[in-house]
Amino acid sequence: MFQPDRSLTFDNAKAVLQAGLQAISDGQVSIDFAGVTTVDSSAVATLLAWRRAAAARSTSIAFENMPENLRSLVALYDVSALLDPASSRSALPHH
């Protein structure tokens with residue numbers, strides 16, 4: 001399972017993106033964020049790119065152990081449904 005290092009920010013997003021894309025290309029179906037502690041909006045863009053890459057391969061990718069700061073950014077940008085379609089089916093509608 002692919003595991004990004006401690007940070008996923010503008011400074012290293014390109015390298016992490018490429019490593020994740022390679023993992024997806026190699027057949028990985030999940031990415032583990034257990035060790036990630038520092039994120040910025042680049043992390044959200046990276047997750048979206050990984051989701052698109054998996055979809056292009058007609059597969060899915062699971063994001064496991066996402067830290068709270070990354071979950072907060074995903075919610076802030078309102079892309080939860082794009083990153084975890086299963087969770088959007090059971091979520092309450094926004095008003």
Side-chain angles (χ1 to χ4, degrees):
M1 176 184 318
F2 177 67
Q3 295 179 308
D5 289 331
R6 291 184 300 204
S7 73
L8 180 45
T9 64
F10 179 78
D11 293 334
N12 68 343
K14 185 174 181 179
V16 177
L17 170 65
Q18 292 304 317
L21 290 173
Q22 184 61 53
I24 292 166
S25 179
D26 291 343
Q28 294 289 317
V29 294
S30 63
I31 296 177
D32 185 1
F33 291 89
V36 176
T37 58
T38 306
V39 297
D40 65 15
S41 60
S42 300
V44 177
T46 300
L47 269 65
L48 290 167
W50 287 337
R51 177 68 73 198
R52 282 191 306 272
R57 295 177 53 85
S58 298
T59 188
S60 62
I61 190 83
F63 300 123
E64 300 180 12
N65 300 310
M66 285 177 43
E68 188 57 39
N69 54 355
L70 182 52
R71 288 181 185 278
S72 293
L73 285 174
V74 167
L76 175 69
Y77 294 118
D78 197 23
V79 294
S80 298
L82 296 173
L83 293 175
D84 188 7
S87 70
S88 67
R89 286 192 290 264
S90 61
L92 294 175
H94 294 126
H95 293 290

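The figures here come from the full heavy-atom set of this structure, side chains too, leaving out hydrogens, waters and symmetry mates. Since we're looking at a predicted model, the values are computed, not measured.
- Residue pairs meeting the ring pair (Phe, Tyr, Trp, His ring centres under 6.0 Å) criterion with at least one member in residues 10-31: none, sequence neighbours excluded.
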May I have the list of side-chain donor-acceptor pairs in residues 52-64 shorter than 3.5 Å, sequence neighbours left out?
| residue | atom | partner | partner atom | Å |
| --- | --- | --- | --- | --- |
| Arg57 | NE | Ile24 | O | 3.4 |
| Arg57 | NH2 | Ser25 | O | 3.4 |

**Request:** Carefully, step by step, assess Met66 and Val74 under the rule side chain to side chain contact (heavy atoms under 4.5 Å, CB included).
**Result:** CA-CA 10 Å; Met66 285 177 43; Val74 167; 3.9 Å; yes

For a quick test of your reading: what N or O donor-acceptor pairs under 3.5 Å do the side chains of residues 11-19 make, sequence neighbours left out?
| residue | atom | partner | partner atom | Å |
| --- | --- | --- | --- | --- |
| Asn12 | OD1 | Thr9 | N | 2.9 |
| Asn12 | ND2 | Ser7 | O | 2.8 |
| Asn12 | ND2 | Ser7 | OG | 3.4 |

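- With rounding to the nearest 0.5 Å, the separation of OG in Ser42 from CG in Leu47 is 11.5 Å.
- Inter-residue side-chain proximity for Val29 and Met1 is flagged as unmet; no heavy-atom pair is nearer than 4.5 Å.
- Annotation for Phe2 and Ala23: closest pair CB-CB, 3.7 Å, computed over non-hydrogen atoms.
- Atom CG of Asp5 has 12 or fewer heavy atoms from other residues, nucleotides or ligands within 6.0 Å.
- Within the structure, side chain to side chain donor-acceptor pair (under 3.5 Å) contacts touching residues 66-77 (residues at least two apart or in different chains) do not occur.
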**Message:** Evaluate Thr38 against Leu8 for side chain to side chain contact (heavy atoms under 4.5 Å, CB included), listing each step before the verdict.
**Reply:** CA-CA 6 Å; Thr38 306; Leu8 180 45; over 6 Å; no

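- Between Leu73 and Ser41, the shortest heavy-atom contact is CD1-N, 4.0 Å.
- Here the CG atom belonging to Leu21 is positioned 12.5 Å from the CD atom belonging to Gln28, to the nearest 0.5 angstrom.
- In this structure, Leu70 and Val44 have side chains that are in contact, with non-hydrogen atoms separated by less than 4.5 Å.
- Partners of Gln3 according to the side-chain hydrogen bond (donor to acceptor under 3.5 Å, both in side chains) rule, which considers only residues two or more places apart in sequence or in another chain, are Asp32.
- Aromatic ring orientation, Trp50 versus Phe33: tilted (interplanar angle from 30° to 60°).
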